[in-house]
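Notes follow once the structure below has been shown.
What's counted below: heavy atoms across the whole structure, side chains too, no hydrogens, waters or symmetry copies.
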Amino acid sequence: MVKSKTTRRKPITKNLVIVESPAKAKTIEKYLGRNYKVLASKGHIRDLPKSRMGVDLENNYQPTYISIRGKGDTIKELKKAAKNAKNVYLAADPDREGEAIAWHVSYVLGLDLQDKNRVVFNEITKDAVKEAFKHPRIVNMNLVNAQQARRVLDRLVGYSISPILWQKVKKGLSAGRVQSIALKLVIEREKAIQQFKPQEYWTITSHFQSGSSSKEVFAANFVGLNGHKEELPSQTAVQAILQKIDKKKKFKVEKVVKKQRQRYPAAPFTTSSLQQEANRKLNFKTRKTMMLAQQLYEGINLGARQGNVGLITYMRTDSTRIAAVAKHETSQFIHDEYGADYAAVKLHKTKNPEGAQDAHEAIRPTSVLRTPQSLKKVLTPDQYRLYNLIWLRFVASEMTPAVMDTMKVTLAQNQVQFQATGSQIKFDGFLKLYQDDKKTKDNLLPALTEGQEVQIVDINPEQHFTQPPARYSEAALVKALEENGVGRPSTYSPTIETIQKRYYVKLNGRSFEPTELGEIVDNLIEKYFPDIVNIDFTAHLEDELDGIEAGKEEWTQVVDEYYQPFSKELKNADEKIEKLQIKDEPAGMNCDICGAPMVIKLGRYGKFYACSRFPDCRNTKPIIKEIGVTCPKCHRGQVVERKSKKRRLFYGCSRYPDCDFVDWNKPINRNCPKDGHYLIEKKVKGGRQVLCPNGDYQEEIQK
């Protein structure tokens with residue numbers, strides 16, 4: 001019997017797909033099937049060198065790109081896979097940065113730029129991914145050049161100004177287009193607060209009774225005299241009004257205006273509005289918000305049956321547009337879940353912010369049927385909180401408006417007029433699901449008719465003073481940058497992070513304060529590089545970058561128009577800025593090593609104690625603030641404020657390391673009356689709360 005020869009099967013040549021992150025690779029490979037191999041570039045694989053400028057000023061600003069250190073193994077893996085692949089597809093994120101990554105990968109692998117190998121999708125779902133692979137396109141060089149222009153401009157500014165700051169001020173400093181504007185906004189707000197002069201004003205609130213029942217008592221505020229609005233700037237003005245009021249005489253209801261108004265839901269999230277709302281409602285920093293959103297976009301493992309699934313659409317967007325298919329699915333969901341009255345009959349049309357590129361949809365769930373509650377077990381607590389916020393905002397945006405019954409009543413006596421306003425939610429609409437920042441509590445007035453008389457119960461004049469503008473929170477700073485047209489959604493988070501890392505600003509609670517170092521840097525940049533901190537100039541440059549993306553501008557020309565005047569400012573600054581001597585402050589104590597006087601120095605992370613004999617003596621100590629509380633553990637040391645490596649405030653014993661007492665909340669000098677444990681003071685909405693960590697005791701909120 002002759003054995004037949006066995007023939008070896010040739011290995012199946014697969015299509016190679018290159019994405020940015022391993023999490024996304026895993027999700028997409030599952031959708032595409034066994035004929036596709038998906039690898040991740042893990043972000044950029046080429047960039048400008050860190051050790052030098054990397055931009056040829058004599059050759060039309062041509063950048064010199066090099067392979068990023070540490071990416072050698074990744075590049076080898078991509079090259080090997082591409083060599084044996086049937087086709088290579090570039091599926092980086094659908095924005096300028098993603099397009100640039102695709103271009104760099106294409107260059108490293110030696111691909112033809114005319115090949116239709118660029119694939120983009122706004123959401124990582126099976127249908128969206130498969131549909132995208134039916135319509136590959138060539139790499140969009142307009143998008144690449146817009147990103148190149150931004151990268152080159154930022155390098156020219158940063159690598160030109162930073163050495164001057166290093167020489168004239170101190171090492172480790174930096175400057176940049178967007179970060180300088182962000183710092184400027186914080187400093188200008190601080191100046192406005194310092195220059196603010198409170199203005200006195202008064203209000204008069206009275207209670208009136210329309211019948212015998214206590215339910216018929218309502219409040220009204222003084223508005224004016226004889227139909228003319230009157231301000232109350234002083235107590236004298238208040239007394240003049242009070243003299244006109246006869247407490248024994250009734251007020252007459254002059255006018256009753258009843259209206260029905262609709263309150264429409266907010267649009268679904270853009271990157272900026274998501275960062276702001278997550279900061280306000282969840283207390284997330286912008287960096288944390290974007291990290292979590294990236295995870296939700298790239299895919300979460302929903303179990304053996306479903307595997308990795310992208311839960312939200314692309315999270316870098318300035319558009320509020322929603323795909324028709326998502327609108328219809330959501331409308332049906334609302335109809336089934338909440339009833340026909342809550343499903344908008346006419347689908348809402350949202351208006352994009354001015355200047356929006358509208359390249360992607362708004363941030364929304366990839367399927368409204370994946371409710372937050374159904375995903376709670378597979379998401380981390382923070383992922384769940386952010387997904388819940390996105391899901392609620394999106395679904396609410398497709399619901400019917402809330403209907404409010406409003407009532408405005410004008411009361412008068414001797415030409416003195418008071419006004420009362422009331423409102424009642426007639427139909428909650430979208431408020432059933434999502435509470436916005438506006439007040440929604442019912443404020444009912446009794447049934448009143450014109451000509452009716454009501455009795456005044458009391459008169460309460462009250463003195464007030466105008467308040468200075470509030471310092472910027474992260475949410476408010478993002479909003480200010482967006483309103484001024486400075487930066488783009490993807491730049492807000494790294495910008496805010498940079499000005500904190502450089503110690504140009506510091507967080508006091510949830511608000512930014514400029515540091516002394518930040519003010520020094522801002523003064524220098526404003527004096528010698530006025531265009532850098534000119535908001536209109538920077539916003540115009542953003543428009544020109546958008547023009548490059550649209551193919552209307554040549555990127556090297558935009559860079560040249562910016563750099564030519566900037567280079568003259570550089571030369572002038574280098575010649576005229578004298579080295580700043582930041583004087584050390586006396587610390588009022590001696591070095592415990594050599595006995596020399598200690599001084600207060602300004603470092604990269606703020607002020608600290610150092611020996612005046614530096615560098616002969618290198619003794620340093622952190623500046624700690626006592627809070628007036630004896631350590632509840634050792635009863636010998638004092639509780640002091642400290643900061644963790646991530647700059648988070650906590651409280652510890654001054655005798656550390658001999659005593660290791662630590663608490664994230666502020667201890668107070670009292671013990672719990674129930675179990676004797678020390679009490680802590682905790683921030684809560686509306687004020688502070690004193691409570692026992694063991695949960696046995698709690699005092700009312702101190703407002």
Side-chain angles (χ1 to χ4, degrees), residues 47-59 61-64 149-188 190-191 486-487 491 494-506 514-542 558-584 601-607 614-615:
D47 197 9
L48 298 173
K50 285 187 176 182
S51 58
R52 53 193 171 90
M53 178 78 77
V55 178
D56 191 344
L57 301 177
E58 305 298 324
N59 188 25
Y61 307 101
Q62 289 306 304
T64 302
R150 179 185 291 281
R151 189 77 185 93
V152 167
L153 281 169
D154 288 345
R155 176 56 65 98
L156 291 173
V157 171
Y159 275 51
S160 298
I161 298 181
S162 296
I164 294 176
L165 295 176
W166 284 38
Q167 293 170 17
K168 311 294 185 178
V169 185
K170 65 189 298 292
K171 286 188 176 182
L173 303 184
S174 69
R177 295 183 309 109
V178 181
Q179 76 175 58
S180 297
I181 294 290
L183 174 61
K184 186 72 183 170
L185 289 170
V186 173
I187 288 175
E188 285 184 345
E190 194 67 23
K191 287 179 180 176
V486 176
T491 66
T495 295
I496 291 172
E497 193 176 353
T498 298
I499 60 176
Q500 290 180 84
K501 276 185 175 179
R502 298 287 182 263
Y503 197 66
Y504 295 161
V505 303
K506 61 181 179 181
T515 63
E516 181 183 348
L517 184 61
E519 290 174 349
I520 290 170
V521 171
D522 178 69
N523 287 335
L524 285 175
I525 292 176
E526 185 173 31
K527 183 175 181 180
Y528 293 99
F529 306 98
D531 285 343
I532 297 292
V533 287
N534 184 316
I535 291 175
D536 292 336
F537 182 85
T538 304
H540 175 66
L541 181 58
E542 294 291 349
V558 169
V559 172
D560 188 64
E561 288 173 0
Y562 186 91
Y563 184 73
Q564 287 305 323
F566 174 68
S567 62
K568 294 174 183 176
E569 292 173 348
L570 273 173
K571 187 177 180 182
N572 179 57
D574 194 34
E575 293 173 352
K576 293 187 176 179
I577 297 178
E578 295 181 2
K579 184 171 178 60
L580 294 178
Q581 296 295 330
I582 301 177
K583 294 182 179 179
D584 298 331
K601 285 184 174 289
L602 179 64
R604 184 173 180 180
Y605 298 108
K607 293 183 177 181
F614 178 85

Problem set entry | Minimum heavy-atom distance Gly158-Pro163, with the two atoms named | O-CD, 4.1 Å

For this session: Not counting sequence neighbours, which residues clear side chain to side chain contact (heavy atoms under 4.5 Å, CB included) with Gln564? List them please.
Result: Tyr61, Asp560, Ser567

Problem set entry | CG-NZ distance between Leu524 and Lys168, expressed to the nearest 0.5 angstrom | 10.0 Å

Exercise. What closest approach, in Å, do Ala182 and Thr495 show between heavy atoms, and which atom pair accounts for it?
Worked result: CB-CG2, 3.8 Å

For this session: Evaluate the side chain to side chain contact (heavy atoms under 4.5 Å, CB included) criterion for residues Leu183 and Gln179: first the C-alpha distance (whole Å), next the side-chain angles of each, then the deciding distance (0.1 Å), finally the verdict.
Result: CA-CA 6 Å; Leu183 174 61; Gln179 76 175 58; over 6 Å; no

Seminar exercise, completed: Distance col, row Ile499:CD1 vs Ser180:OG, nearest 0.5 angstrom, shows 10.0 Å

For this session: Look up atom CD in Glu188 and atom CG in Asp522, then write down how far apart they are to the nearest 0.5 Å.
Result: 7.5 Å

Problem set entry | Considering all heavy atoms, the nearest Leu165-Ala175 contact | CD1-CB, 4.1 Å

Exercise. Within the distance-only criterion (no hydrogens, no angle test), does the side chain of Glu542 pair as donor or acceptor with the backbone N or O of Gly487 below 3.5 angstrom?
Worked result: yes

Exercise. Looking at residues at least two apart in the chain, or sitting in another chain, which of them share a side chain to side chain contact (heavy atoms under 4.5 Å, CB included) with Ala573?
Worked result: Ile164, Tyr528, Phe529, Ile577

Pairs of donor and acceptor atoms involving the side chains of residues 49-59, under 3.5 Å and at least two apart or interchain, shall be tabulated with distances.
{"unit_1": "Asp56", "atom_1": "OD1", "unit_2": "Glu58", "atom_2": "N", "d": "3.0"}
{"unit_1": "Asp56", "atom_1": "OD1", "unit_2": "Asn59", "atom_2": "N", "d": "3.3"}

Exercise. Nearest 0.5 Å, what's the CZ-OG1 distance between Arg155 and Thr64?
Worked result: 10.0 Å

Problem set entry | CD1 on Ile181 to OG1 on Thr538, rounded to 0.5 Å | 4.0 Å

Exercise. Are any side-chain N or O atoms of Gln500 and backbone N or O atoms of Ile496, one a donor and one an acceptor, separated by less than 3.5 Å?
Worked result: yes

Problem set entry | Within 45° cone and under 6.0 Å: Arg502 NZ/CZ vs Tyr504 ring | no

Problem set entry | Residues in side-chain hydrogen bond (donor to acceptor under 3.5 Å, both in side chains) contact with Glu519, at least two apart in sequence or another chain | none

Problem set entry | Any residue meeting side chain to side chain contact (heavy atoms under 4.5 Å, CB included) with Lys527, in chain and number order, not counting sequence neighbours | none

Problem set entry | side chain to side chain contact (heavy atoms under 4.5 Å, CB included) assessment of Ile161 paired with Glu569 | CA-CA 10 Å; Ile161 298 181; Glu569 292 173 348; over 6 Å; no

For this session: Answer whether the closest heavy-atom distance between the side chains of Gln167 and Asp574 falls below 4.5 Å.
Result: yes

Problem set entry | Separation of Leu541 CG from Asp536 CG (nearest 0.5 Å) | 12.5 Å

For this session: State which residues pass side chain to side chain contact (heavy atoms under 4.5 Å, CB included) with Ala149; sequence neighbours excluded, sorted by chain then number.
Result: Leu545, Ile548, Trp555, Val559

Problem set entry | Thr515 side chain vs Tyr503 backbone, donor-acceptor pair below 3.5 Å | yes

For this session: Go through Leu173 and Leu517 one step at a time and tell me if the side chain to side chain contact (heavy atoms under 4.5 Å, CB included) criterion holds.
Result: CA-CA 9 Å; Leu173 303 184; Leu517 184 61; 3.7 Å; yes

For this session: Might you work through the side chain to side chain contact (heavy atoms under 4.5 Å, CB included) test for Ile187 and Asn523, ending with a clear yes or no?
Result: CA-CA 10 Å; Ile187 288 175; Asn523 287 335; over 6 Å; no

